Amino acid sequence: MLGSGRQIAVFAPLKTSTFAVLSDLPFQKNNLPMSDLRKTSVQELLCSTDLDREVLVKGWVRTRRGNKYVQFIAVNDGSGFNSIQVVANAEQFPEEKLKADGVENGAAVAVRGKLVASQGKGQTVEIQASEITVYGSADTTTYPLQKKGHSLEFLRDIAHLRPRTNTFGAVLRIRHAMAFAVHNYFNSKGFYYVHTPIVTGSDAEGAGQMFRVTTLPDQNPPLTEDKSAVDYKQDFFGKQTNLTVSGQLEAEVAAMALGKVYTFGPTFRAENSNTARHLAEFWMIEPEVAFNDLQDNMDLAEDFLKSLVRYALEHCQDDLQFLNEQYDKELLSRLQFVVDNDFQRLTYTEAVEILKVAKQKFEFPVDWGTDLQSEHERYLVEKHFKKPVILTDYPKDIKAFYMKLNDDDQTVRAMDVLFPGIGEIIGGSQREEDLTKLQARMAAMNVPEHELWWYLELRKYGTAPHAGFGLGFERLILFITGMSNIRDVIPFPRFPKSAEF
RNA sequence: GCUUCCUUAGCUCAGCCGGUUAGAGCAUCUGACUGUUAAUCAGAGGGUCCCUGGUUCGAGCCCAGGAGGGAGCGCCA
């Protein structure tokens with residue numbers, strides 16, 4: 001499954017600026033001699049068939065090697081996975097001068113030269129340098145990123161530099177592609193993108209501990225008349241407010257007017273979660289569709305996920321290839337498998353029956369009415385079915401108040417999509433649209449009606465069946481990239497005791 | 001929050017039963033090398049053994065406390 005244990009990422013480098021030009025051409029500070037030529041991205045140059053022309057490229061040095069006759073400088077500008085090879089003839093660019101001017105691992109440079117067919121193996125085109133400018137060098141004795149593998153744990157400590165590594169470059173480009181693919185998918189299906197609030201006045205969204213938002217002073221805040229509590233009427237919003245843990249309730253508002261909507265935004269949970277699958281700040285995608293039932297919801301979730309995986313396979317080949325080789329040899333085949341095969345759909349009750357007769361010993365017993373443990377979900381996905389699984393119709397007592405009650409009065413129309421290595425990647429349900437039943441569920445679960453009066457009015461005026469789900473964006477990126485820790489698929493991870501960068 | 005493992009050179013790690021001057025690979029530095037692919041070859045420099053206290057003739061190693069990190073679990077997406 002997903003790779004475990006030591007893993008490496010591959011390098012790249014910084015030092016304070018020396019500004020040097022390494023040719024005999026006239027040069028003035030703040031007036032680059034190459035300014036008559038437009039820069040071209042490395043990605044574009046590598047794909048170019050228009051050779052023997054003058055080009056200008058700007059990026060960061062990944063490696064420099066060679067001998068006293070010829071020097072090779074790999075330049076990467078982040079436009080794609082691959083670097084372009086710059087060939088510097090020693091007559092014009094002696095090694096000592098390249099070193100003295102800081103053309104080393106990590107330096108930011110501009111290179112002017114001729115784009116030619118490569119004389120060597122390993123690349124089709126290269127640049128014969130005629131001019132090299134160093135914007136900023138990187139002291140080789142202190143720059144943390146070396147021309148070698150680094151552990152992901154080490155790179156987490158230098159999150160400001162890790163985007164320069166092959167691994168994080170690949171992950172961040174894939175992350176972008178997936179964000180684009182999300183909007184692309186929904187737009188093509190007639191969904192509208194709704195911006196739900198980040199600051200919420202409700203603490204009853206039912207998805208965990210919340211971060212408080214306040215402008216009251218932390219020393220001696222105003223108290224209520226009887227001095228028993230902080231007086232939030234004097235706070236910025238006139239009430240206690242928090243960061244959102246879900247956009248779902250507001251998305252339902254929009255779905256009851258626009259039909260098919262989705263949200264895609266930051267989500268905050270103040271749980272003390274220390275796992276490779278949880279973040280305190282993460283991005284969540286929540287489609288909500290009027291007149292959809294649980295079947296429609298499952299169909300949407302499966303089609304959506306397959307479409308995203310397919311997009312990655314088609315558009316992120318270089319980056320995925322690298323991750324496949326470096327971290328997880330089965331990544332590409334697993335992605336293809338997900339696209340090619342139907343997800344296994346079964347009810348919670350059916351799953352419990354399978355688990356009860358399973359030969360595997362579980363640490364925790366399986367019993368109808370209790371929530372499935374990670375080990376149970378993993379068994380179903382990775383051992384029993386060996387494919388993504390959608391579990392439905394959970395006992396009502398272990399699910400949220402807003403899920404639609406089945407006729408058996410025992411289960412609700414919930415669904416969890418379980419992926420190999422990730423566990424729950426999607427959680428969703430058909431929503432309870434019956435006002436009386438919803439009020440009963442809220443009362444039973446101690447959800448205060450007065451805080452959600454507006455949510456209840458959706459059932460009072462023009463209520464309709466509807467369904468939706470939440471997809472954890474970072475969990476999707478985990479699956480697509482084959483990375484094993486969620487802190488490595490977001491540029492600046494937020495988790496307990498950590499908000500450094 | 002719980003369980004468990006870990007912390008030794010810039011990085012990744014080894015270090016025997018507690019014993020004299022703590023090692024390796026990579027990186028860095030110096031030199032060699034006519035097209036390299038994380039180039040290669042030779043040599044050199046580089047240590048608060050996480051911190052504090054204790055046991056001992058003697059502690060990187062044993063004990064206690066603290067700090068930081070990983071993995072697993074719970075909460076969930």
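Just the heavy atoms: all of them, side chains too, but no hydrogens, waters or symmetry mates, feed the values below. By convention in this document, chain letters (A, B, ...) are assigned in the order of the sequence lines, proteins followed by strands, and residues within each chain are numbered from 1. Keep in mind that what you see is a predicted model, and the values were worked out from it rather than measured.
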### Task
Within residues 490-501 of chain A, find the residues that approach RNA chain B with a heavy atom at under 4.0 Å, and present them sorted by residue number.
none
### Task
May I ask you to verify if any side-chain N or O of Arg277(A) is less than 4.0 angstrom from the OP1 or OP2 atom of C73(B)?
yes
### Message
Using a 6.0 Å distance limit plus a 45 degree cone around the ring axis, check whether Arg487(A) lies over the aromatic ring of Phe495(A).
### Response
yes
### Task
Go through the structure and list residues passing salt bridge (charged side-chain N to carboxylate O under 4.0 Å, His left out) with Asp393(A), not counting sequence neighbours.
none
### Between P of G74(B) and CG of Leu372(A), the distance in whole Å
11 Å
### Protein-nucleotide distance (Glu153(A), atom CD; U7(B), atom P), rounded to Å
14 Å
### Query
Looking only at side-chain N and O atoms, does Gln373(A) come under 4.0 Å of OP1 or OP2 in G74(B)?
yes
### Summary
Sorted by chain and number, sequence neighbours left out, salt bridge (charged side-chain N to carboxylate O under 4.0 Å, His left out) with Glu126(A) holds for none
### Query
According to the 5.5 Å centroid and 30° plane-angle thresholds, does Phe72(A) stack upon the nucleobase of G35(B)?
no
### Message
Stem list for RNA chain B, please, built from Watson-Crick and G-U wobble pairs under 3.5 Å and keeping only runs of at least 3.
### Response
B:1-7 with B:67-73, B:10-13 with B:23-26, B:28-32 with B:40-44, B:50-54 with B:62-66
### Query
Roughly, in whole Å, what's the span from CZ in Phe304(A) to P in A77(B)?
15 Å
### Query
Below 3.5 Å, does any donor atom in the side chain of Ser374(A) face an acceptor in the base of C73(B), or the other way round?
no
### Task
Please list, chain by chain and in numerical order, all residues satisfying salt bridge (charged side-chain N to carboxylate O under 4.0 Å, His left out) with Glu432(A), sequence neighbours excluded.
Lys404(A)
### Task
When you get a sec, tell me which of C11(B), C73(B), C76(B) is the closest nucleotide to the side chain of Arg475(A)?
C76(B)
Please write out each protein N/O paired with an N/O of nucleotides 24-26 of chain B under 3.5 Å, distance rounded to 0.1 Å.
none

### Query
Below 4.0 angstrom from OP1 or OP2 of G1(B), is there any side-chain N or O of Asn272(A)?
yes
